[in-house]
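Reminder, nothing fancy here: chain letters follow the sequence lines and each chain counts from 1.
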Amino acid sequence: MTTYCHLSFALPVNQTFLYRLPDELKSRVKAGTAVLAPFGPRKIKGYVLEISELPAAPGFQVKDIYDVLENWPPFPPVFLNFIQKLAGRSLCSAGLFLELAEGPGRSAEVKEKVIITQKGKDELQSGQLKGKNRQLLEQISQKAFSSAFLKRKLKWRDLNARLKSLELAGLIEIRRKTRRVKSQRISSPAAPRQLSLPVGFQEEDNEVGPVFQALAAGEFRRFLLAGDSGKRQEVILKIVRQALESDGYVFILVPEIEQIARWWREAGQLGSQVSFYHSRLSEKKRKENWDKIISGQSRVVIGTRAILFLPVNPVRLMVIDEVQNDLYEQAESLPLDVREGAQIRAKEEGAVLLLSSSTPPVSCYYLSQANGELIDLGQSDRHHLCELSRKEIGCWLSEELLAEVGPELKAGQKAFFFINRKGYAGYLVCPACGYVPRCPTCQIPLILDKKKNELVCRYCEQSLGQLETCPVCHHQLKPGRIKGSQFLVERLKKLLPDFYLALLEEGEEKNRIEDSLKKINSGKVQLVVGTEYALPRLQPGSFSRVIIVEPEIGLNLPDFKAAEKTFVKIFKATELLANQPSSKMIIITSMPDQPAIKFGADGDYPGFYRQELEYRKLLKYPPFSLLVSLTLTGRNLRKVAGTSRCLVEELARRFPSVEIIGPKVKPRVWHKQQKEVRLYLRLGGSDALSAFHDFLEIFSRNSRQIRLSYKILF
DNA sequence: AGCACGCCGACT
DNA sequence: GTCGGCGTGCTC
């Protein structure tokens, strides 16, 4: 009998590899242990998923594990199960996720310095070196650099091979320094106690009774908490307190780092057992918070998706705040939706999953209601006025602005202009022939950025300099009808010169944004212009006027959630108004009867929900069908495209009822190393999902060099 | 991913 | 013949 290990690497290879475990390492290796193993010509870190005794050697050559890497504390078994489930669902290697779960300084870091030798200097001087080798030696002739720096600076594919051969020739020396991090002196996590909730909590008439019961039972259950944000906050804190009565952890998940702050203030009443965690913490802070969480000193963790990978156990409650936010779906580093990842963990941990939003996704609300998972706390009454104006924004500014906003500002009130487009104008147009400059790769109209004086593509972000005249008929190009934030700022500064103005949008300098927010909160700045970026950053209830400019621009996008997204934005903007009769919301739009706009303006979620559900039913969109977006990635676009065609054929054969939309090449792909092709699929219902998943798993295993991932849209 | 290998065209 | 620039296949 020989002992073998199944290793998973943090590589885009969805497969485990078998190694022999030498006797002298046996005592230090368990499932989850990080080890160093030979892999082709390299030696890399891998994770032990399984240890097994096999009587005979398998039919291929098996190498030995080389060494054990420090990792403390070990991953809890429940956590490892979660990672394996996650990997199975994402069609990718568990090692990729386990790497995310490594705390600060869990394993040793290797630093390489590349130094020129005397022989190297001589040969450089004598001029017998040519080409890339010469360039490389010249680079390091004065000062030694790290190999990581050279990789960044030179961007050569064959850099490592070159370094190796030059080292062998004795022209350079590579000094390797392993920075062994001190093993952490944190106390090991306490063993989970038997869950014991106080008996007195069963308030039958309380709407959160079922949540308390699920917590007590310690089994997975999901709830959607809808309704007014103030009430929700209160209820969530009550549930968190209850969960803390037991031993485990509570995770509060927010869509972006900036939203941690709000929870941090609220959770203050829970005392010192609260920590926050996200991917952009400084090394020191990360270590500090990590230690607090792992040791169990902090059992409430507020943070972004990074907290999904905290290797602690047991987790009793997971809250997903702002569950409608599509940042959860767009998580670039994850091959699946964060919300689905959280659900997989909650299931594994036997935790309660609490989805929370004042504007839940329509399909989420529908399904929760159908499954008895809905807790709707209801909306609070709105007291503000609402006005819809069909005027064009330029007209409105010159005719009504001073009457509407001027007196408010003089009285010390604040006004917020919401415009969801950056730049000066949405496009340029030739007044004579109608020519519109477009992005040569993405084919969409270019945005005029007056500040930088250039035309920018909002898909691929490339800028194309300024274009003064029409290339067809040489007339002067004019800004088009759809205006952006820069236009608004320019006009407002002219029309209301006595008041300070702040612009809040993505891409502004971080310090400047922070400064602006401080001045807005202190009342020094009374006039705010912002895009979607501004909505979660401004204080709710702090404005007496909110003016929404042309919210309809997103409605034409080919996205079944376009209306829902528009509704949510308007709803969020109304929440910025002080809830009193003197407050007023003004929407400047050419579609005042559009349901998303109308119901958004009234802050009427039930109204919008009923209307939207009707459309979804008619068009067979979620929740009345299962919509999946499927992505194929790889180095070679021809291969990716070929595989996608093959996949479409196979799908059509095996799942005749599945509707296939696409394939489409993603517009951004041209600028990335990895090429991407995307398909949209409509499955009949969720019962088809597991067969679909199994098929994809086999298909992905058979198509090497291509990565597959799919997200369920809802 | 990262590495080796192999093919090809450009340039001595 | 040699160098650099890809594309391709493989890793227990």
Given atom CZ of F9(A) and atom C1' of dA1(B), what is their separation to the nearest angstrom?
-> 12 Å
Taking salt bridge (charged side-chain N to carboxylate O under 4.0 Å, His left out) as the test, write out the residues that go with E329(A), two or more places apart.
-> none
Quick one: label P12(A) by what it contacts on the DNA or RNA (base, sugar-phosphate, nothing), any heavy atom closer than 4.0 Å.
-> base
Would you mind building the protein contact string for nucleotides 5-12 of chain C? One character per nucleotide, 5' to 3', B for base within reach (heavy atoms under 4.0 Å), S for sugar-phosphate only, - for untouched.
-> SBBBBBBB
Tell me, please, which residues at least two apart from F655(A) pass ring pair (Phe, Tyr, Trp, His ring centres under 6.0 Å).
-> F695(A)
Which nucleotides of nucleotides 7-12 of chain B have their base under 4.0 Å from a protein heavy atom (B), which only their sugar-phosphate (S), and which neither (-), written as one string 5' to 3'?
-> ------
Closest-nucleotide 5' rank along DNA chain B - winner of R707(A) and K164(A) | R707(A)
How would you list, by chain and number, every residue that makes a salt bridge (charged side-chain N to carboxylate O under 4.0 Å, His left out) with K143(A), sequence neighbours excluded?
-> none
ring-ring contact (aromatic ring centres under 6.0 Å, His included): pairs with one or both residues in residues 629-648 of chain A, sequence neighbours excluded | none
Could you tell me whether the side chain of I320(A) reaches within less than 4.5 Å of the side chain of I252(A), counting heavy atoms only?
-> no
Starting from P on dG4(C), measure out to CG on L159(A) and report it in whole angstrom.
-> 13 Å
The complete set of ring-ring contact (aromatic ring centres under 6.0 Å, His included) pairs with one or both residues in residues 28-48 of chain A, sequence neighbours excluded, reads F9(A)-F39(A), F17(A)-F39(A)
Of all pairs that satisfy side-chain hydrogen bond (donor to acceptor under 3.5 Å, both in side chains), the ones with a partner from residues 705-714 of chain A, not counting sequence neighbours | Q674(A)-R707(A), H693(A)-Y710(A)
Please tabulate, for the side chains in residues 159-176 of chain A, all donor-acceptor contacts under 3.5 angstrom to protein atoms that are two or more places apart in sequence or on a different chain.
{"residue": "R162(A)", "atom": "NE", "partner": "D158(A)", "partner atom": "OD2", "Å": "3.1"}
{"residue": "R162(A)", "atom": "NH1", "partner": "N133(A)", "partner atom": "OD1", "Å": "2.9"}
{"residue": "R162(A)", "atom": "NH2", "partner": "D158(A)", "partner atom": "OD2", "Å": "3.1"}
{"residue": "S165(A)", "atom": "OG", "partner": "R162(A)", "partner atom": "O", "Å": "3.1"}
{"residue": "E173(A)", "atom": "OE2", "partner": "R175(A)", "partner atom": "NE", "Å": "3.3"}
{"residue": "R176(A)", "atom": "NH1", "partner": "E112(A)", "partner atom": "OE2", "Å": "2.9"}

Q128(A) CD to dC3(C) P, in whole Å, measures 13 Å
